Each structure stands twice: as structure tokens, then as C-alpha cells.
Amino acid sequence: MRIVRAADCRRMAWKNGGGETVEIFTVPEGAGLSDFDWRISSATVASAGPFSAFAGIDRTLCVLSGEGLTLAIAPQAPVRLDPASAPFRFPGEAAAFGTPHGGPVVDLNIMTRRTRFTHEVTRLTLEAPLRVLSAGAEVAIFVVQGVLAAGSSEALAAGDCAVLSPQGERGVLTPLGGACEIVLVRIIPA
């Protein structure tokens, strides 16, 4: 199990220069914005504006904090997302425009190169231990709120991420000191 601490994540400009993103995990390690296979990042949307375009990439967005974000992706009707919303998937090349409500919004972005990988994203509130098996997929566990023990590793706090390799690695996720909210991501070869 690989642990990525929030404090160790790289901060970088958005691809379109409109804001800043926190790069949590990228495969292959060290890949840039044009050649990653999959990527997990977080961004603060402080004002209305276009999202960066990523041709050939499937994206899923989860709002982590803030009052909410309206995401307009033509030709679909705009959708309002907030911390209680289900993860929202859309093609990375689509022209997307985000408008935060009542102040900045922090989101989590999961992106996979369509020809190589797909992904599944689930938001969970853990109140009891949960067993996770990677079995052919890499599994990332991002802590949104609370404190989580992931196997025998140190405790993970909000913003930390644990990644299980696809070789059948197992983990037991145990909330510490009350409920813990996580985003569970499965990265599956295409």
C-alpha cells in the first residue's frame, strides 16, 4: 500500500491557467498533463470559468467542500453539484464551465486515459471497518473528512490518499474516532 500525504502533494497551475490544482497521484509517476494514464487531483474553483480540456480522457468530479458548483457541459442541461452529490462523470474534451455558489468550492478530479483505463468512483461514509481487495484494479482511497486507519499503516487524515496495487493487495479501512468520509476509486485496465 502506498500512502500519499496531503502535505507532500505537488501544487501546479491548471492546464488552462485558470487556477491551481493539487496533484495527488499520477500514473506513470512524473507524467505531465498530456501523457498520464490516470490521475487524481484536487482543485479549488474560486470563480466562474472554463474547465481545462483533456482530449481522450474520462473525468469524474466530486465536490468535497463549499456550497456547490453548477457545471455546464453543452449540449446537456447544467447540473448542480455539492458535497452530498454523487460523483459526476463527463468526457474530458467536452467544453465544461463551472460556477461556484457562495464562495470557493474544492473538488476531487479522477481522470483516466480512455484507451488504457476506466474508473469507478464511490463516495462512502464509514462507521465500521471495510475490507478492500484490489484484484486486477488499482484502488485509491481518498480521505475527505475524519481519520482512517488503512491496514497496518499510519492513520490517514483529510486530504491523504492510500493506493493499493492491482496484484490482489488487501486492506482494511477502519474509521478512527467516529465516522469517516472517503472517496473510493477503482482504476481498471481497458
Side-chain angles (χ1 to χ4, degrees), residues 3-26 33 36 38-54 57-74 76-112 119-127 140-148 150 155-163 173 175-187:
I3 305 296
V4 179
R5 301 285 178 194
D8 298 332
C9 293
R10 179 172 74 133
R11 294 183 174 277
M12 57 191 288
W14 288 356
K15 185 178 174 186
N16 69 8
E20 183 180 73
T21 190
V22 177
E23 188 174 70
I24 298 165
F25 205 87
T26 302
L33 294 177
F36 64 84
W38 64 271
R39 181 174 190 255
I40 299 174
S41 62
S42 178
T44 300
V45 181
S47 60
F51 276 39
S52 300
F54 287 91
I57 301 295
D58 288 322
R59 291 180 78 164
T60 297
L61 183 97
C62 298
V63 172
L64 302 178
S65 66
E67 288 188 29
L69 172 77
T70 295
L71 187 59
I73 303 172
Q76 301 172 341
V79 61
R80 183 171 172 138
L81 304 171
D82 61 36
S85 299
F88 183 77
R89 188 176 181 120
F90 62 100
E93 58 273 357
F97 192 92
T99 304
H101 302 281
V105 169
V106 177
D107 64 34
L108 186 70
N109 293 279
I110 297 88
M111 299 188 229
T112 51
H119 62 271
E120 298 169 354
V121 181
T122 309
R123 290 182 83 136
L124 299 168
T125 299
L126 298 182
E127 296 179 352
I141 302 104
F142 178 84
V143 180
V144 178
Q145 291 182 8
V147 180
L148 179 73
L156 304 176
D160 292 342
C161 186
V163 181
L173 310 178
L176 302 174
C180 181
E181 184 184 353
I182 65 168
V183 175
L184 185 68
V185 180
R186 292 182 56 80
I187 306 291

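This is a predicted model, so every value here is computed, not measured. Keep in mind that the numbers below use all heavy atoms, side chains included, and drop hydrogens, waters and symmetry copies.
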Hey, can you pull the donor-acceptor pairs under 3.5 Å for the side chains in residues 40-49, sequence neighbours left out?
unit_1 : atom_1 : unit_2 : atom_2 : d
Ser41  : OG     : Arg39  : NH1    : 3.4
Ser42  : OG     : Asp107 : O      : 2.9

Do [X] and [Y] come close enough that some side-chain heavy atom pair is under 4.5 Å?
X: Phe54; Y: Lys15; value: yes
X: Arg123; Y: Leu184; value: no
X: Leu124; Y: Leu173; value: no

The criterion is side-chain contact (heavy atoms from CB on, under 4.5 Å); which residues satisfy it with [X], sequence neighbours excluded?
X: Arg80; value: Thr70, His101
X: Val63; value: Leu69, Leu81, Pro83, Val105
X: Ala94; value: Ile73, Pro91
X: Ala179; value: Thr125, Glu127

Pairwise distance CD1(Ile141) to CG(Leu156) - rounded to 0.5 angstrom: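 Reported to 0.5 Å precision, the distance equals 8.0 Å.
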Separation between CD1 of Ile57 and CG of Leu33, rounded to the nearest 0.5 Å: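 The CD1 atom of Ile57 sits 10.0 Å away from the CG atom of Leu33.
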Given Ile110, Val79, Asn109, the one that forms side-chain contact (heavy atoms from CB on, under 4.5 Å) with Leu61: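 It is Asn109; the other options fail the test.
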Phe142 vs Val185, side-chain contact (heavy atoms from CB on, under 4.5 Å): CA-CA, chis, key distance, verdict: CA-CA 8 Å; Phe142 178 84; Val185 180; over 6 Å; no
For the student: nearest non-hydrogen atoms of [X] and [Y], plus distance:
X: Leu176; Y: Leu148; result: CD1-C, 4.3 Å
X: Thr99; Y: Phe97; result: OG1-CE2, 3.7 Å
X: Gly178; Y: Pro175; result: O-CB, 3.3 Å
X: Ala6; Y: Asp160; result: N-OD1, 2.8 Å

Donor-acceptor under 3.5 Å (Arg89 side chain, Val121 main chain):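 Side chain of Arg89 to backbone of Val121, a donor-acceptor pair under 3.5 Å: no, none is there.
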Partners meeting side-chain hydrogen bond (donor to acceptor under 3.5 Å, both in side chains) with Thr26 (sequence neighbours left out):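 Testing Thr26 for side-chain hydrogen bond (donor to acceptor under 3.5 Å, both in side chains), a comparison that skips the adjacent residues, returns Glu23.
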side-chain hydrogen bond (donor to acceptor under 3.5 Å, both in side chains) involving Glu120 - partner list, sequence neighbours excluded: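 Testing Glu120 for side-chain hydrogen bond (donor to acceptor under 3.5 Å, both in side chains), a comparison that skips the adjacent residues, returns none.
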Plane angle bin for Phe51 and Phe90 - parallel if under 30°, tilted between 30 and 60°, otherwise perpendicular: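 Correct class here is perpendicular.
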Residue pairs passing the salt bridge (charged side-chain N to carboxylate O under 4.0 Å, His left out) test where at least one lies in residues 59-73, sequence neighbours excluded: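 Sorted pair list comes back empty.
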Pairs where residues 97-106 contributes a residue and the test salt bridge (charged side-chain N to carboxylate O under 4.0 Å, His left out) is met, not counting sequence neighbours: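 Counting only pairs at least two positions apart or across chains, no salt bridge (charged side-chain N to carboxylate O under 4.0 Å, His left out) contact touches residues 97-106.
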